[in-house]
Chemist: 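To start, I am sharing the structure in question, which I have written as structure tokens.
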2 protein chains.
Amino acid sequence: MTTTPARSLGRMAGLFRALADETRLGILVRLRDGEQCVCDLADALDAGQSRLSFHLKTLKDAGLLRDRRQGRWVYYALDREAVAEALDALEALGGSARGFRLAAARRGD
Amino acid sequence: MTTTPARSLGRMAGLFRALADETRLGILVRLRDGEQCVCDLADALDAGQSRLSFHLKTLKDAGLLRDRRQGRWVYYALDREAVAEALDALEALGGSARGFRLAAARRGD
DNA sequence: AGCATACATCAAGACTTTTTGATATGTCAA
DNA sequence: TTGACATATCAAAAAGTCTTGATGTATGCT
């Protein structure tokens with residue numbers, strides 16, 4: 001365990017770049033509770049087909065999503081390990097961030 | 001406490017966008033252990049003056065940094081609460097991500 | 001085989017971010 | 001008050017990202 005927050009800042013920057021878009025965050029939220037096929041995502045989020053495909057690819061390339069074809073459908077799922085990697089980087093930065101925040105919540109602000 | 005991960009995905013996307021750059025992550029790492037003046041950051045990171053200034057502003061606008069002038073120098077410091085906000089969003093997404101990751105570490109992968 | 005469905009990829013343009021060098025501002029010291 | 005230093009801001013070009021519509025590919029149905 002090192003005191004340096006990230007193996008490679010470049011890799012972390014890539015992860016955060018993938019997270020830096022509202023549509024993509026929306027996708028991740030939808031996938032919180034399990035995999036979904038593209039068609040379901042297309043219904044839920046209000047995104048055209050190629051736009052959605054683009055964002056799914058962006059997330060997948062960043063390692064945040066896995067996909068699996070089943071017949072005509074492609075199912076995407078969160079890769080929780082990648083999320084955890086980003087979490088670790090932030091925690092290394094934040095130091096006592098969570099304690100800080102919980103304290104703030106306790107204070108009521 | 002809601003089950004929805006973020007008050008506003010837009011705000012979260014903004015935070016992540018600020019984190020989505022290697023130079024800026026480098027700045028945040030440098031500030032982990034306390035505030036530093038721009039000149040120290042300029043020495044440490046290998047960034048030209050206006051470039052550094054630009055990234056500091058980007059981080060500040062996102063709420064991740066606070067600044068304070070003292071004489072000729074300007075000191076920047078992490079805003080741990082903003083880091084915590086990003087952390088919360090990720091945790092809401094990741095679900096059992098941390099447990100997952102710790103388990104992976106225990107397994108040795 | 002032929003067609004429909006589900007999705008990916010591509011190409012062009014719009015838009016945003018980043019970098020660079022030049023100039024502006026605020027502060028101190030002589 | 002002038003000059004030097006630390007930093008910010010600006011403007012233009014370069015690079016990157018996102019959206020859109022068109023086309024491509026895989027699969028299953030008939």
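So that the names make sense, note that chain A is the first sequence line, chain B the second, and so on, each numbered from 1.
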Chemist: Taking CG from D61(A) and C1' from dG16(D), how many angstroms apart are they, rounded to a whole number?
Modeler: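 So the CG-C1' distance, D61(A) to dG16(D), works out to 15 Å.
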Chemist: To the side chain of F54(B), which of dC7(C), dT19(D), dT18(C) is closest?
Modeler: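 Looking only at heavy atoms from C-beta outward on F54(B), the closest nucleotide is dT18(C).
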Chemist: Quick one: list whatever passes side-chain contact (heavy atoms from CB on, under 4.5 Å) with R51(B), sequence neighbours left out.
Modeler: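 Once residues adjacent in sequence are excluded, the partners of R51(B) under the side-chain contact (heavy atoms from CB on, under 4.5 Å) criterion are T23(B), A47(B), H55(B).
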Chemist: Could a donor-acceptor pair under 3.5 angstrom be found where the side chain of Q49(B) meets the base of dA8(D)?
Modeler: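 When only heavy-atom distances are counted, Q49(B) does reach the base of dA8(D) through a donor-acceptor pair under 3.5 Å.
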Chemist: Would you mind reading off the distance between D21(A) atom CG and dT17(C) atom P, rounded to a whole angstrom?
Modeler: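 It works out to 11 Å between those atoms.
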Chemist: For dT19(C), does either OP1 or OP2 sit under 4.0 Å from a side-chain N or O belonging to H55(B)?
Modeler: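 Yes, within the criterion.
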Chemist: Testing I27(B), D33(B), L28(B) one by one against L78(B) for a side-chain contact (heavy atoms from CB on, under 4.5 Å), which residue passes?
Modeler: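 One option only clears the test, and that one is L28(B).
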Chemist: Between dT9(C), dT7(D), dT19(C), which nucleotide gets closest to the side-chain atoms of V74(B)?
Modeler: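 Side chain of V74(B) sits closest to dT7(D).
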Chemist: Within a strict 4.5 Å, meaning less than it, do heavy atoms of the V29(A) and R32(A) side chains meet?
Modeler: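 Counting from C-beta outward, V29(A) and R32(A) do come under 4.5 Å.
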Chemist: Would you kindly give the NZ-to-P distance between K57(A) and dA6(C), to the nearest whole Å?
Modeler: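 It works out to 23 Å between those atoms.
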Chemist: Return the set of residues passing side-chain contact (heavy atoms from CB on, under 4.5 Å) with R66(A) (not counting sequence neighbours), or none when no residue passes.
Modeler: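 Only D79(A) meet the side-chain contact (heavy atoms from CB on, under 4.5 Å) criterion with R66(A).
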Chemist: Are OP1 or OP2 of dT7(D) and a side-chain N or O of Y75(B) less than 4.0 angstrom apart?
Modeler: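 Indeed not, no polar side-chain atom of Y75(B) lies that close.
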Chemist: Working to the nearest 0.5 Å, report the span between NZ of K57(B) and CG of D67(B).
Modeler: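 So the gap between those two atoms works out to 10.0 Å.
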Chemist: Let me know the distance between CG of D40(A) and C1' of dA6(C), rounded to the nearest Å.
Modeler: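 These atoms are roughly 12 Å apart.
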Chemist: To the closest 0.5 Å, what do you measure between CG (L52(B)) and CG (L56(B))?
Modeler: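 Answer for the CG-CG pair, L52(B) versus L56(B), is 4.5 Å.
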Chemist: List in numerical order all residues of residues 63-72 of chain B for which some heavy atom is under 4.0 Å away from an atom belonging to DNA chain C.
Modeler: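 Going residue by residue through residues 63-72 of chain B, the ones with a heavy atom under 4.0 Å of DNA chain C turn out to be R69(B), G71(B), R72(B).
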Chemist: Is atom CG of D43(A) surrounded by more than 12 heavy atoms (other residues, nucleotides or ligands) closer than 6.0 Å?
Modeler: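 Counting other residues, nucleotides and ligands, CG of D43(A) exceeds 12 neighbours.
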Chemist: Measure CG/L41(A) against P/dC7(C) and give the value in whole Å, please.
Modeler: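 Rounded to whole Å, this separation is 9 Å.
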Chemist: Expressed as a whole number of angstroms, how long is the span from L45(B):CG to dT19(C):C1'?
Modeler: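 From L45(B) CG to dT19(C) C1': 16 Å.
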Chemist: Can you work out whether W73(A) or T23(A) has the more 5'-proximal nearest nucleotide on DNA chain D?
Modeler: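 Of the two residues, T23(A) wins.
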Chemist: Are R17(B) and dT16(C) close enough that a side-chain N or O sits under 4.0 Å from OP1 or OP2?
Modeler: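 No, outside the criterion.
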Chemist: Rounding to an integer number of Å, can you tell me how far E22(B) CD sits from dG16(D) C1'?
Modeler: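 One finds 16 Å between C1' of dG16(D) and CD of E22(B), rounded.
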Chemist: Provide, to the nearest angstrom, the distance between the CZ atom belonging to R24(B) and the C1' atom belonging to dT17(C).
Modeler: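 R24(B) atom CZ is separated from dT17(C) atom C1' by 8 Å.
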